[in-house]
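Report on the structure given below.
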Amino acid sequence: MPATLAYGTVIDLTDRRIRTVNRGANLEGLLHRFLSSVHSGLLAKMTDILSSRFTDDAIWFRGVSQKLWDENADMRSVSQDLIPKLEKIKKSVLVVRQTVLVDIKKTKNKSLKDAQSRLIVSTAELFESIEDFKWTIKELEANYGARVRKLHADNPESLDELFQVIQDAS
Amino acid sequence: MTVDLEGKVVRGVDLGNTAFLNCWKDLPGNIQDEARDVIRSLLFMSLDQAPKKLHLHPLTNRKAPSVFDATKKVAVWSIHITADDKYKASFTYEDGTLFFRTCGKHDDVDKSP
């Protein structure tokens, strides 16, 4: 029987993983600033290390999404806190991606260019896996959402009225 | 042999999931307007014949508890609720009704270097 993820553990692990992604995103800027003019080979190696870390992070987010879904975890109390954090690291990953997309056009060294290509792919994978995780949390929230019974419409007019009721209530 | 002549025709829309209501109120006004038109357009439409621009599809590996019987699992569908594909919503289809579950911003990124 598969182990059940304790609720607090998931949150702790997610926070830790978010810090890892942030460190990686910051690292890319430092690497570029200090190594780009000094040693292309070393920069290529460090870029590959960063790609591997991002791929590892992407696999983690995909895995935990599936695990939480399989367990039908109740994420209602953490989603308010977690989703903004996930949005923030998505932006950090995009910044890395944009930087490398610009850098690669100026790169002449082949091994560095290849490493940058891999980093671009890994940022996309990580971005998508974080997005998938975010939507998993939202869907899990919906699994536990309470039902307001009267918000049902079976024709366009009553649907318009329904939206008006929602509008007035918010 | 029985033939389902109606297919998955939408005969009702239910917005009563509190998770959906919470997400809906966070949508910008112009997005709500566009989403409302899309949801309205689904009434009496067959899910099998929805316009491609809506990107309507059941999610893979995602089945949710039925509204009528929580021990049963039903498919979760996803739909794009704005023309620029930046916002989406999800629902289950049960007994002719779309039970909306959640909605929000959907970010995408081009994978190619």
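Below, chains carry the letters A, B, ... as their sequence lines are ordered, and counting in each starts from 1. Every heavy atom of this structure was used, including side-chain atoms; hydrogens, water molecules and symmetry mates were not.
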The interface call for Lys63(B) against chain A, heavy-atom contacts under 4.5 Å, is backbone
Bottom line for Leu59(B): the part with an atom under 4.5 Å from chain A's heavy atoms is side chain
Value for CG (Asn143(A)) from NZ (Lys73(B)), rounded to nearest 0.5 Å, stands at 7.5 Å
Exceeds 12 heavy-atom contacts within 6.0 angstrom, atom NZ of Lys45(A) | no
Less than 4.5 Å apart, any side-chain heavy atom of Glu131(A) and any of Val109(B)? no
Discussion item. Could you check whether any side-chain N or O of Arg101(B) sits under 3.5 Å from a backbone N or O of Glu139(A), counting only pairs where one atom can act as donor and the other as acceptor?
Written reply: yes
Rounding to 0.5 Å, atoms CG (Leu15(B)) and CD1 (Ile166(A)) come to a distance of 4.5 Å
message: Is there a path of hydrophobic side-chain contacts, each under 4.5 Å between heavy atoms of I/L/V/M/F/W/Y residues, joining Val9(B) to Leu42(B)?
response: no
**Q.** Joint cluster assignment, Tyr144(A) & Leu21(B), ILVMFWY side-chain distance < 4.5 Å
**A.** no
Plane angle bin for His152(A) and Phe99(B) - parallel if under 30°, tilted between 30 and 60°, otherwise perpendicular:
tilted
Is it the case that Arg147(A) and Thr18(B) place a side-chain donor and acceptor less than 3.5 Å from each other? no
- Task: May I ask whether Ile89(A) and Ile137(A) are part of the same hydrophobic cluster, defined by side-chain heavy atoms of I, L, V, M, F, W, Y residues being less than 4.5 angstrom apart, directly or through others?
- Result: yes
Checked Leu43(B), Val76(B), Asn61(B) vs chain A; the most non-hydrogen pairs under 4.5 Å come from Leu43(B)
Donor-acceptor contact present, side-chain Asn17(B) to main-chain Ala142(A), <3.5 Å
yes
If one checks every heavy atom of Leu119(A) against chain B at 4.5 Å, the contacting part turns out to be neither
Discussion item. Set out, in order, the CA-CA distance, both residues' side-chain angles and the distance that settles salt bridge (charged side-chain N to carboxylate O under 4.0 Å, His left out) for Lys90(A) and Asp107(B), then state yes or no.
Written reply: CA-CA 9 Å; Lys90(A) 265 169 47 194; Asp107(B) 288 314; 2.7 Å; yes
Handout entry: Cluster link Phe61(A) to Ile59(A), ILVMFWY, side chain under 4.5 Å
Key = no
Charged N to carboxylate O under 4.0 angstrom, Arg40(B) versus Asp160(A)? yes
The reported gap from CD1 in Ile83(A) to SG in Cys23(B) (rounded to nearest 0.5 angstrom) is 7.0 Å
Heavy atoms of Arg36(B) and Phe163(A) approach each other most closely as CG-CD1, 3.1 Å
Applying a strict 4.5 Å limit to non-hydrogen atoms, the region of Ser65(A) in contact with chain B is both
Item checked: CD/Gln80(A): more than 12 non-hydrogen atoms of other groups inside 6.0 Å -> no
Sub-4.5 Å side-chain heavy-atom contact between Asp154(A) and Val13(B):
no
Glu141(A) side chain vs Ala19(B) backbone, donor-acceptor pair below 3.5 Å
no
Among Asn22(B), Val10(B), Thr97(B), the residue with the most heavy-atom pairs under 4.5 Å to chain A is Thr97(B)
Requested in this report: Indicate yes or no: at least one non-hydrogen side-chain atom of Gln167(A) is less than 4.5 angstrom from one of Gln32(B).
Outcome: yes
Ranking Lys134(A), Gln66(A), Lys150(A) by heavy-atom pairs under 4.5 Å to chain B gives rank one to Gln66(A)
Okay, Cys103(B) and chain A: the region with an atom under 4.5 Å from a heavy atom over there is backbone
- prompt: Is there side-chain contact between Pro156(A) and Phe44(B), with at least one heavy-atom pair below 4.5 Å?
  reply: yes
* **Co-membership, hydrophobic cluster, residues Val78(A) and Trp60(A), 4.5 Å side-chain** => yes
